[in-house]
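Let me begin by presenting the structure, written as structure tokens, before commenting on it.
The figures here come from the full heavy-atom set of this structure, side chains too, leaving out hydrogens, waters and symmetry mates. All residue numbers refer to positions in the sequence shown, counting from 1. Please read all numbers here as calculations on a predicted model, not as lab measurements.
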Amino acid sequence: MVSFEIVRGDITRFPAEVIVNAANRYLEHGGGVAYAIAKAAAGNAREYIRISKEAMREQLGKESIEHGEVVVTPAMRLERHGIRYVIHTVGPYCGGVWDNDRREKLKKAILGALKKADELGVGSIAFPAISAGIYGCPLEEVVRTFKETVEEFSKEAESVERVYLVLYSERDYRAAKKAFDFE
Ligand code: AR6
């Protein structure tokens, strides 16, 4: 059984073995949670961007990733919180618009990270609200898509037992809880 919980917090210090980054295709961690993770992990975001791009070349043999593809980087300074890996995944850009295509892309992004966590043999994984920030997807839809995707994944999960969705602001946390309980 896989549990799914919505919590409030800062993902850069959340004690899960894997934390997920809401990245862009080029792993240029310039803003949002990506910048926060990069800075907290390496001390300097530019250094973590270099490490991420190198990992992308090694793991995928290319310079950009598609929805569903993921890249793993070491936790570095985040290890002090019990974090072992960072998995980078890319959600859809919405700009306020939501449709089936975006839902599918977000599903792929979430599922890609969950499967990679299983491959790494970890028990816990924490996600930020992928695409609900700079990419402008409606938070309620993002929460719903998380719930659906984790349910689907739980049928095939091997090592992963606990999945967390970490909301940064109190407002987002409340809205996410509401959307989740409503389902
Ligand atoms: N802990 C948890 N959640 C956070 C944190 C944190 N420390 N900081 C922000 N969030 P975003 P996106 C929340 O914009 O929409 C970047 O530049 C935030 O409040 O980070 O997928 C990438 O490089 C929001 O709810 O990701 C891409 O170019 C959620 O994390 C682009 O932004 C996601 O917001 C990706 O945009």
Side-chain angles (χ1 to χ4, degrees), residues 2-92 105-135 142 146 149-150 153 156-168:
V2 178
S3 69
F4 178 55
E5 204 181 323
I6 294 184
V7 295
R8 191 187 164 202
D10 176 352
I11 204 162
T12 66
R13 43 185 64 235
F14 191 83
E17 284 167 272
V18 164
I19 65 163
V20 176
N21 180 23
N24 56 36
R25 295 188 58 205
Y26 306 101
L27 307 188
E28 297 274 3
H29 314 310
V33 71
Y35 180 76
I37 292 173
K39 189 151 180 270
N44 144 341
R46 188 175 294 187
E47 173 62 5
Y48 210 62
I49 292 170
R50 192 190 63 71
I51 290 167
S52 303
K53 284 176 176 283
E54 197 177 296
M56 174 159 62
R57 258 174 246 123
E58 272 172 21
Q59 292 165 35
L60 301 173
K62 44 191 208 167
E63 304 290 326
S64 68
I65 60 176
E66 306 296 327
H67 305 292
E69 293 182 328
V70 298
V71 172
V72 185
T73 52
M76 301 177 79
R77 295 182 186 190
L78 306 181
E79 275 180 9
R80 74 181 89 158
H81 306 295
I83 300 166
R84 294 171 59 199
Y85 308 100
V86 177
I87 296 180
H88 304 267
T89 196
V90 186
K105 284 177 175 156
L106 181 58
K107 250 187 161 166
K108 277 190 182 175
I110 298 166
L111 206 53
L114 288 168
K115 286 184 172 168
K116 180 58 79 176
D118 240 1
E119 228 176 276
L120 292 167
V122 302
S124 56
I125 177 169
F127 285 86
I130 299 169
S131 288
I134 294 167
Y135 280 1
V142 169
F146 261 99
T149 311
V150 174
F153 167 75
E156 56 173 280
E158 286 178 9
S159 68
V160 172
E161 292 178 333
R162 292 177 304 284
V163 180
Y164 301 93
L165 176 58
V166 182
L167 279 306
Y168 197 45

**Message:** Check this for me: Phe4, atom CZ, are more than 12 non-hydrogen atoms of other residues, nucleotides or ligands nearer than 6.0 Å?
**Reply:**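 Counting other residues, nucleotides and ligands, CZ of Phe4 exceeds 12 neighbours.
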To the nearest 0.5 Å, how far apart are [atom1] in [X] and [atom2] in [Y]?
{"X": "Ile65", "Y": "Gln59", "atom1": "CD1", "atom2": "CD", "result": "10.0 Å"}
{"X": "Ser64", "Y": "Glu28", "atom1": "OG", "atom2": "CD", "result": "11.5 Å"}
{"X": "Arg13", "Y": "His81", "atom1": "CZ", "atom2": "NE2", "result": "4.5 Å"}
{"X": "Glu79", "Y": "Tyr85", "atom1": "CD", "atom2": "OH", "result": "9.5 Å"}
{"X": "His88", "Y": "Glu69", "atom1": "NE2", "atom2": "CD", "result": "14.0 Å"}

Beyond-backbone contact of [X] with [Y], side-chain heavy atoms, under 4.5 angstrom:
{"X": "Ile49", "Y": "Leu27", "result": "no"}
{"X": "Ile110", "Y": "Phe153", "result": "no"}
{"X": "His29", "Y": "Ile37", "result": "no"}
{"X": "Ile87", "Y": "Leu120", "result": "yes"}
{"X": "Ile11", "Y": "Tyr164", "result": "no"}

**Request:** Have a look at Val166 and tell me which of Ile6, Val7, Asp10, Thr12 forms a side-chain contact (heavy atoms from CB on, under 4.5 Å) with it.
**Result:**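 Of the listed options, the one satisfying the test is Val7.
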**Complete:** Tested for side-chain contact (heavy atoms from CB on, under 4.5 Å) against Ile51, the lone hit among Arg46, Met56, Met76 is Met76
**Item:** The single option from Lys108, Arg25, Lys105 passing side chain to side chain donor-acceptor pair (under 3.5 Å) against Glu66
**Value:**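 Of Lys108, Arg25, Lys105, side chain to side chain donor-acceptor pair (under 3.5 Å) with Glu66 is met by Arg25 alone.
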Closest heavy-atom contact between [X] and [Y]?
{"X": "Ala22", "Y": "Val33", "result": "CB-CG1, 3.9 Å"}
{"X": "Ala75", "Y": "Ala41", "result": "O-CB, 3.8 Å"}
{"X": "Ala126", "Y": "Phe14", "result": "CB-CD2, 3.6 Å"}
{"X": "Ser131", "Y": "Pro92", "result": "OG-O, 2.7 Å"}
{"X": "Asp118", "Y": "Glu158", "result": "OD2-N, 2.8 Å"}
{"X": "Val70", "Y": "Ala113", "result": "CG1-N, 3.7 Å"}

**Item:** Stepwise side-chain contact (heavy atoms from CB on, under 4.5 Å) test for Asn24 and Tyr135
**Value:** CA-CA 10 Å; Asn24 56 36; Tyr135 280 1; 3.2 Å; yes
**Asked** Is a side-chain N or O of Glu161 found less than 3.5 angstrom from the main chain of Gly123, in a donor-acceptor match?
**Response** no
**Prompt:** Taking 4.0 angstrom as the limit, do Lys53 and Glu63 come out as a salt bridge?
**Reply:** no
**Request:** Show your working on salt bridge (charged side-chain N to carboxylate O under 4.0 Å, His left out) between Glu54 and Arg57 and close with a plain yes or no.
**Result:** CA-CA 5 Å; Glu54 197 177 296; Arg57 258 174 246 123; 5.5 Å; no
**Request:** For the residue pair Thr73 and Tyr48, confirm or rule out a side-chain donor-acceptor distance under 3.5 Å.
**Result:** yes
